[in-house]
There are 2 protein chains.
Amino acid sequence: MNNDARAPTLKDVAAHCGVSVISASRVMRDAPNVSKSLREKVERSAQIIGYKRNRIAGALRGQATDLIAVIVPSMSNHVFPNIVDGIDDALQGSQLRVVLGMSKYNDINEEAILRDMLTWNPAGVILSGLEHSEKTKEMLSYFSGPIVEVMDTDGESIDMAVGISMAEAGILIAQHLVAKGYKRIAYVGAWGERPKRSVKRRVAFEAELIRLKTPLVTSVILDGESSLERGAKGIKQLLERGIDLDAVFFANDDLALGALFYCQANDIRVPDEIALAGFNGIEMCQSISPRLTTVSTPRYEIGRLAGELVRKHIGRTEIPDRKVFPLNLELIEGSTT
Amino acid sequence: MNNDARAPTLKDVAAHCGVSVISASRVMRDAPNVSKSLREKVERSAQIIGYKRNRIAGALRGQATDLIAVIVPSMSNHVFPNIVDGIDDALQGSQLRVVLGMSKYNDINEEAILRDMLTWNPAGVILSGLEHSEKTKEMLSYFSGPIVEVMDTDGESIDMAVGISMAEAGILIAQHLVAKGYKRIAYVGAWGERPKRSVKRRVAFEAELIRLKTPLVTSVILDGESSLERGAKGIKQLLERGIDLDAVFFANDDLALGALFYCQANDIRVPDEIALAGFNGIEMCQSISPRLTTVSTPRYEIGRLAGELVRKHIGRTEIPDRKVFPLNLELIEGSTT
DNA sequence: ATCATAATTGACAACGATACCAATATAGAT
DNA sequence: ATCTATATTGGTATCGTTGTCAATTATGAT
């Protein structure tokens, strides 16, 4: 609030204790080759005159910042907050900081945010998904720090990728439903199938169903972002078509839960009349009854590993050779299938 | 990845089109008093040689950055992701960017993160809650940009505060429960009552119950972060005490929903045997059946307003006189009371 | 055509920290 | 005591941009 005069600089600290500016600098950033007495002197002076580091200046000279640009589609869902939590935890104890941007599931927004963030000379970049605009890819090809794409490992990564195989997820659910004896299977997606990775999941799901001689009967792709309400709408639309169905796979748990609640409210027995399966494994799935069958995705771990990879690359310690890190999926069998 | 030679600077742009560096600078940052021809020349050159602004350098000279330091407790809950979404939306179209830190509900972490973030000379600061360490307050007293504390408006704010009255929330629920005829009321909290604002809510709740001649019968404060599971544990503990109860107020919806599911699984009729009420109004409350009675908090709007305030202060346009902005709470009457 | 005013452009010096290299002090070996 | 190797300190230039003020050019009024 009050900001009388200007903030003290290294020069002031140095003058205060009669050493050179560069020595003060070394103390402040824990550089090697500093005697104990010098360190104490400088630290005391800094303390007294209330010196605060100015990273901007340091970054200009040193060329690199301690900022990690993280671009996710949105925070208002169950996936990305967990990823961001994981990233931040992995960065704990380092000087690295997350600079966050939200693309609203739009490649052009992503591009604009990235362009802006690159002007800060970040030390690393974390994006979501493997699909980006051409411009985005071009900008990143000139970027010299580590780049991690999170969530999806089915495809070409720019640098590193940490996530899960969307195809595997689709296959897992397909196999589960068929093994359980369901024969008339439908699919419900949302948001015009954004992001792209949900398409990969659906396509693999459909292909596996065909392989298992139980082809998909029908599907609904809703408009707008996934929500419980939209899941209810999805199952309603599906049932109103009058097609004989015995199981539905939803693009995510929010949709599936919404459908489950719809069924409960309308006395449609799950799974006797219709079986429901979701995707993500959010906490809610396990707590409600009946428990929802779903594929759980290690969201926090994805973020955590992404953060660790960035950190290791920046520290240049034990840089792994691998570029793609698919983490394990787990089918959680509830009572809705 | 490849970063051959160094990135082109303003000097390179200027040299390329034969103007002075400062003129190129003016074009790049849309400064006034630039002729159309100059603008075109410079923009074309910048385009050709692939010039990218270096905000670090600009920030060093200009003293202020376009970074907004945002410190929240955690992303893995239903409150803060919405707030961050709101902040980011409010900042859309400006150059301002969110730099995120997570305190894990710990004042000392908050202090350390803030100390680190201030070295980046942010243009504004957004914190959660009104309770901070002394050091934190001291650091902020020297900070010259806007400071917004989000979530809670019951108390002294450092600069501005946007949120809700925790006391009002407690009172609303107390009045509702009493009006509904409940007489033997209990409370369940978690996380050792972190953050502090949950205490304010509980205290106001208890005080109002006393005023209404229906004092709180008992309460349980659980360890660890709120979750569905812990809510189930809470109601279980409460019921096992064998005390006669007819309603329970939970510190948040996660706990309340967990309790609801526990009751459903154990054939405890809600609200006949016991009524349940939560706090926050997460989407799930309205979709399950029975719908959960709760107080809905305008989380996105809080973030949005906080972002707008910061933006206005930085732009020095229409700075509002008000310092505290309590937003409206809404009691959502479900079927669990 | 002349002058006053406004619009446009440029020169220079910062902003604060750190990389690089040189100078000095200290310790250890003989 | 002398010399070498090492640890510690200091001086200077520089990172890329922009604020300030001065110089130049265009515009309009008389």
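Letters A, B, ... mirror the listed sequences (proteins, then strands); counts begin at 1.
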Please report the distance, rounded to the nearest Å, between NZ in A/Lys36 and C1' in D/dT9. 19 Å
For the side chain of B/Arg26 and the backbone of B/Asn33, is there at least one donor-acceptor N/O pair under 3.5 Å apart? no
Starting at CG of A/Leu60 and ending at C1' of C/dA17, how long is that distance when rounded to a whole Å? 8 Å
A/Ser157 and A/Val324: which non-hydrogen atoms are nearest, and at how many Å? OG-CG2, 4.0 Å
List in numerical order all residues of residues 42-55 of chain B for which some heavy atom is under 4.0 Å away from an atom belonging to DNA chain D. B/Tyr51, B/Arg53, B/Asn54
Using side-chain hydrogen bond (donor to acceptor under 3.5 Å, both in side chains) as the criterion, point out the one residue from A/Gln95, A/Arg97, A/Arg55 that pairs with A/Asp66. A/Arg55
First encountered from the 5' end of DNA chain C, between B/Asn33 and B/Ala57: B/Asn33
Give the minimum heavy-atom separation between B/Arg299 and B/His78, together with the two atoms involved. NE-O, 3.3 Å
Presence of donor-acceptor pair under 3.5 Å, side chain of B/Arg61 and base of D/dT17: no
Give, for atom OG of B/Ser141 and atom CG of B/Asp159, the distance between the pair rounded to the nearest 0.5 Å. 12.0 Å
Gap between atoms CG and P, on A/Leu38 and C/dA25 respectively (whole Å): 15 Å
Between B/Arg115 and B/Glu111, is there a salt bridge with N-O shorter than 4.0 Å? yes
Report yes or no: does B/Arg311 contribute a side-chain atom to a donor-acceptor pair with the main-chain N or O of B/Gln92 at less than 3.5 Å? yes
Using OP1 and OP2 only, check whether a side-chain N or O of B/Ser35 sits under 4.0 Å from C/dT9. yes
Using a 4.0 Å cut-off on heavy atoms, which residues in residues 11-30 of chain B reach DNA chain C? List them by number, or say none. B/Val19, B/Ser20, B/Ile22, B/Ser23, B/Arg26
Given B/Met102, which partner from the list A/Val84, A/Ile87, A/Asp89 fulfils the side chain to side chain contact (heavy atoms under 4.5 Å, CB included) test? A/Val84
B/Pro146 and B/Val310: which non-hydrogen atoms are nearest, and at how many Å? CG-O, 3.9 Å
Euclidean distance, atom NZ of residue B/Lys41 to atom C1' of C/dT9 [Å, nearest integer]: 10 Å
Atom-to-atom span, CD1 of B/Ile56 to C1' of D/dT18 - whole angstrom: 15 Å
